Structures are given as C-alpha cells and as structure tokens.
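Note sheet for the following structure.
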Amino acid sequence: MRNDLQGLDISQKELQQLTDLPVHEELILVVGALKKIAKKFLEKVKGPEAATAYFIAIAPLFFSYFIFTVFISLFLPGLNVIPAWILFLLFLVSGGGLSQLGFYYIWKYRSKIVRENITPSLRILLSDVERYNNVIRAININDQIEAAGNIDVSIKERKRILEALKLTRADLIRALKTERILRENKNFIISNTELFANNLPTLSAMQVSEQASEHGRLLNEALQIALDVQLEMKRLQSQS
C-alpha cells in the first residue's frame, strides 16, 4: 500500500473504539489460528532462520510433554497404564476443544451486546464505513496493478480522490462519535457544535463530470458516502 493510503482506512479496532461496541467481531477458530502458526513456521523453515524456527516450535512442545508426564506420575499414577504420548495427545485435543468452546461463548456474548445496542443510524454508518474502506481497497488494488507494469490504469485524479477520502473519513468519525453520544445519552442535549461541523460544501465543489472513468467513479463514490453521512448526521441532530 502506498504511503498516501496508509492510515486512511477505518480499522476494526478504531471502529470498536469509536462505537464502544464489539462490532464486526469474528469468531476465533482454534484450527484457523493453528493453520496461521503452521504457515509462519513453514515460511521460516524455508528461510535462513530454520534452526531457530525448529527450536522455538519443538522446545515448548517437549517441555510441556515433560511437565505433563511428571504431573501424571505424581498425581494420577493410575493413568500410567496408558502410554503418556496418548494421554498428552488427548490433553491437547481436549484443551483445544475447551478453548474453542470458550471463544464461542465469548463471541456469542459480545455479539449479543451489539444486537442489543445497535441502532438503525449505526447500521447505516457501519455500512458507509464498509463502502468507504472498499474504495480504499479498490485504489490499493489498482495501485498494485499499475506497479506490475500496467501504466495505463493509473488513477489520474488521485490527489483529488484522496482529498475527498480524507474529508469523508473525518465526517464518518464525527458521525460515529455523535451516534455514540446520542445512543449512550438519550436525553443528552448536544452542545458541542464541532461534532456537527461538516465538509459538505468542500466536497460538493469537488464533483467531477467524468463519472464513467475510473478516477471519476472513485471520487464520486467517496462523495456519495460523504453525502449519506451528512444526511444521517442531520437526522441524528433532529432527533436530539
């Protein structure tokens, strides 16, 4: 990703901080986490750090196995009739299953918090954030295609598009802050006008006529998101 796109997207962590809700949180899968660890391990094994990778992977496993066998011998001697490696394998599988169950209940609880607190306005704003992030992803993919040698796909109005995206990002953040204030304080009278200051006049002046072109489409997409945000903010303000 080019430097001028860095930090423009609204990350899940930032979104959760702005809304104070665990929005867009996915269920953690133990199998998925193990696959990622295995993938990283295989990548390091193929590189110059192979010896270190083997040590980091095998040493904790052998140490855990040693502690496990000592524990069984001291506190559960009746299980010594079963090979230690089988017991250790069952322990790992059981531990993985219990961990997955724990992750599921945590995810279910946090999802319930979102369902009970989400408002129609927040649903609209989350949709706008997703559309906004998709515009940035589209530009990033286009940049990669251009970097591969396809100079003809370069975005001509890149600077103007990025200016529109920055203004849109600021409006989205203000809208999310405003929605949170209204959601958490239903009887609160909004006195901070800074939250409602918007960049709509500036954005409106940036409209382009080349909507059929790629750069025009991206700019107008950013502009449309901003307009939607402004309408939602006005509706929120009228409710207060």
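The first residue in the sequence is number 1, and the count goes up from there. Predicted, not measured: the structure shown is a model, and the values here were computed from it.
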Quick one: [atom1] on [X] to [atom2] on [Y], what's the gap to the nearest 0.5 Å?
X      : Y      : atom1 : atom2 : answer
Arg115 : Ile113 : CZ    : CD1   : 10.0 Å
Gln16  : Arg110 : CD    : CZ    : 6.0 Å
Leu176 : Leu122 : CG    : CG    : 7.0 Å
Lys112 : Asn117 : NZ    : CG    : 11.0 Å
Gln17  : Ser11  : CD    : OG    : 7.5 Å

For Asp9, which of Ile136, Val129, Val135 qualifies under side chain to side chain contact (heavy atoms under 4.5 Å, CB included)?
Ile136

Around atom CD of Glu26, are there more than 12 heavy atoms of other residues, nucleotides or ligands at under 6.0 Å?
no

Less than 4.5 Å apart, side chain to side chain, heavy atoms only: is that true for Val31 and Lys35?
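Yes, side chains in contact.
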
Hey, does Asp143 have a side-chain heavy atom less than 4.5 Å from the side chain of Leu5?
yes

[X]: partners by side-chain hydrogen bond (donor to acceptor under 3.5 Å, both in side chains), with sequence neighbours left out:
X      : answer
Asp4   : Arg158
Glu146 : Arg2
Ser64  : none
Asn134 : Arg137

Got a donor-acceptor contact below 3.5 angstrom from the Glu25 side chain to the Trp107 backbone?
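Absent.
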
Same cluster or not: [X] versus [Y], using hydrophobic residues (I, L, V, M, F, W, Y) connected whenever any side-chain heavy atoms lie under 4.5 Å apart?
X      : Y      : value
Leu8   : Leu125 : yes
Ile106 : Leu101 : no
Ile161 : Met1   : yes

Any idea which heavy atoms bring Phe103 and Leu27 closest together, and the distance?
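Residues Phe103 and Leu27, closest heavy atoms: O-CD1, 3.7 Å.
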
Looking at every non-hydrogen atom in both residues, tell me the closest pair between Tyr132 and Ile10 and how far apart they are.
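The answer is CE2-CG1, 4.0 Å.
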
Expected list for residues 87-100: side-chain donor-acceptor pairs under 3.5 angstrom, two or more places apart:
| unit_1 | atom_1 | unit_2 | atom_2 | d |
| --- | --- | --- | --- | --- |
| Ser94 | OG | Leu90 | O | 2.8 |
| Ser99 | OG | Gly95 | O | 2.8 |
| Gln100 | OE1 | Val30 | N | 2.8 |
| Gln100 | NE2 | Ile28 | O | 2.9 |

For residues 65-77, dump all side-chain donor-acceptor pairs below 3.5 Å to protein atoms at least two apart in sequence or in another chain.
| unit_1 | atom_1 | unit_2 | atom_2 | d |
| --- | --- | --- | --- | --- |
| Thr69 | OG1 | Tyr65 | O | 3.1 |
| Thr69 | OG1 | Phe66 | O | 2.7 |
| Ser73 | OG | Thr69 | O | 2.9 |

Step by step, would you call Arg180 with Lys177 a side-chain contact (heavy atoms from CB on, under 4.5 Å)?
CA-CA 5 Å; Arg180 176 179 172 181; Lys177 287 181 178 179; 5.8 Å; no

Run Leu126 and Leu15 through side-chain contact (heavy atoms from CB on, under 4.5 Å) and show every step you take.
CA-CA 9 Å; Leu126 291 177; Leu15 197 57; 3.7 Å; yes

